[in-house]
Amino acid sequence: MSSLPSGTHKARKRFGQNFLQNQMIIHQIVEAICPKKNEHLIEIGPGQGALTQPLLDAAEHLDVVEIDRDLVQQLKMQFAAKPGLKIYEGDALKFDFSTLKKDEKPLRLVGNLPYNISTPLLFHLLRFTPLIQDMHFMLQKEVADRLTAQQSEKNYGRLSIMTQYHCATEMMFYVGPEAFHPQPKVESAIVRLIPYRKPPFHCVSLARLEKIVCQAFSQRRKTLRKSLRHIISADELIRLDIDPGLRPENLSVKQFVIIANSCT
Ligand code: SAM
């Protein structure tokens with residue numbers, strides 16, 4: 001069974017609908033995911049089923065979460081003969097992914113994500129990392145660059161630090177706009193996120209880490225001495241062996257965790 005022809009559904013901008021058309025890219029993505037029988041795969045935003053079909057062929061069971069009611073109806077018809085597919089109509093930003101975990105199998109999340117909500121969606125998904133084996137997402141290249149950026153690189157920021165606290169991140173490959181219909185105005189990329197069973201640096205309060213990272217990057221060009229002055233003194237930073245003259249992009253995830261743990 002093939003995905004529906006692109007002409008039957010008018011792509012909705014508000015749902016970030018850019019449907020994958022290029023079979024070679026689809027094959028490359030599925031190969032990177034490497035789905036196996038009896039694994040618990042979950043696809044966010046199945047759309048017209050471009051990835052759904054090959055994922056279901058390989059894994060035999062697949063849960064999908066789709067917000068667009070019309071596409072849900074299309075998927076129900078398209079996959080009527082496939083009892084292994086469970087379709088959940090809803091907003092992935094509000095979806096409680098823990099409700100999908102029914103047995104000991106960890107969750108494998110995949111999706112060509114709607115670019116307009118990808119950052120809040122990634123933050124939402126980080127709440128479920130203890131249940132997740134891995135995540136493979138198509139994202140706007142710029143967001144993928146931020147996810148995988150290392151300390152002192154230009155794209156390193158809040159998203160890099162909060163994601164890399166929970167997950168090992170890997171840039172897989174880039175995808176050009178011509179692989180989609182309609183074509184997005186930006187380049188895309190596939191990233192792999194693998195949650196740590198135990199984060200390498202334990203943070204006592206994630207809310208505090210988030211607050212400190214947010215505060216530091218709200219004034220990216222300023223030194224920590226200035227941007228964090230209401231949270232931690234320069235003397236205290238020196239005591240933690242962190243130079244208060246540094247900018248936030250110069251700090252590692254570990255150093256942000258050390259600051260957060262010292263602010264009890
Ligand atoms: N997977 C399909 C493909 O690769 O061709 C579609 C990808 S398209 C970029 C994003 C999909 O996510 C669309 O089907 C869209 O309707 C769906 N979507 C958008 N916002 C969503 C949300 N908040 N929750 C769940 N699905 C959403």
Side-chain angles (χ1 to χ4, degrees), residues 1-33 35 41-59 62-79 82 85-100 107-128 135-144 172-191:
M1 195 191 296
S2 65
S3 55
L4 283 178
S6 54
T8 58
H9 173 84
K10 193 168 178 328
R12 294 188 164 117
K13 219 175 173 177
R14 72 178 185 282
F15 290 146
Q17 291 177 353
N18 298 99
F19 300 110
L20 269 168
Q21 301 288 301
N22 182 317
Q23 289 304 322
M24 259 168 56
I25 298 288
I26 292 170
H27 179 75
Q28 211 178 337
I29 296 170
V30 175
E31 211 171 56
I33 298 167
L41 270 95
I42 300 167
E43 186 187 4
I44 299 175
Q48 298 178 303
L51 290 169
T52 316
Q53 182 69 59
L55 290 173
L56 193 55
D57 287 343
L62 179 65
D63 294 336
V64 298
V65 181
E66 172 58 62
I67 199 168
D68 186 325
R69 193 174 297 171
D70 293 341
L71 287 180
V72 167
Q73 288 316 314
Q74 284 192 21
L75 288 164
K76 280 183 180 163
M77 287 192 289
Q78 186 182 348
F79 291 95
K82 298 270 184 172
L85 183 73
K86 279 204 199 114
I87 305 175
Y88 296 85
E89 182 182 327
D91 183 350
L93 278 172
K94 297 184 188 143
F95 197 86
D96 180 356
F97 287 88
S98 67
T99 59
L100 298 182
L107 311 179
R108 302 195 68 201
L109 267 60
V110 306
N112 170 14
L113 298 186
Y115 294 173
N116 51 342
I117 58 158
S118 57
T119 301
L121 185 53
L122 288 163
F123 275 105
H124 177 63
L125 295 174
L126 290 178
R127 296 180 198 166
F128 303 102
M135 303 183 255
H136 291 83
F137 294 134
M138 173 89 80
L139 294 160
Q140 192 173 334
K141 179 180 171 292
E142 185 216 312
V143 175
M172 305 296 289
F173 52 90
Y174 298 132
V175 180
E178 58 288 345
F180 306 85
H181 181 83
Q183 293 192 13
K185 291 196 176 68
V186 291
E187 293 285 316
S188 304
I190 293 282
V191 289

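When a ligand or atom number is given, it counts from 1 through the structure's own listing order. It should be emphasised that the depicted structure is a prediction, and the values quoted were computed from it without experimental measurement. We number each residue from 1, following the sequence as shown.
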Protein residues that have a heavy atom under 4.0 Å from any atom of ligand 1, sorted by chain and number: F15, G16, Q17, N18, F19, L20, E43, G45, P46, G47, A50, V65, E66, I67, D68, L71, G90, D91, A92, N112, L113, P114, I117
Pairing residues for Y174 by the ring-ring contact (aromatic ring centres under 6.0 Å, His included) criterion, not counting sequence neighbours: none
Polar side chain donor-acceptor pair, Q74 to D70, under 3.5 angstrom: no
Close side-chain approach of R127 and D96, heavy atoms under 4.5 Å: no
Side chains of E142 and V186 in contact at under 4.5 Å (non-hydrogen atoms): no
Side chain to side chain, F19 and N112, heavy atoms closer than 4.5 Å: no
Q28 side chain reached by M172 side chain, heavy atoms, under 4.5 Å: no
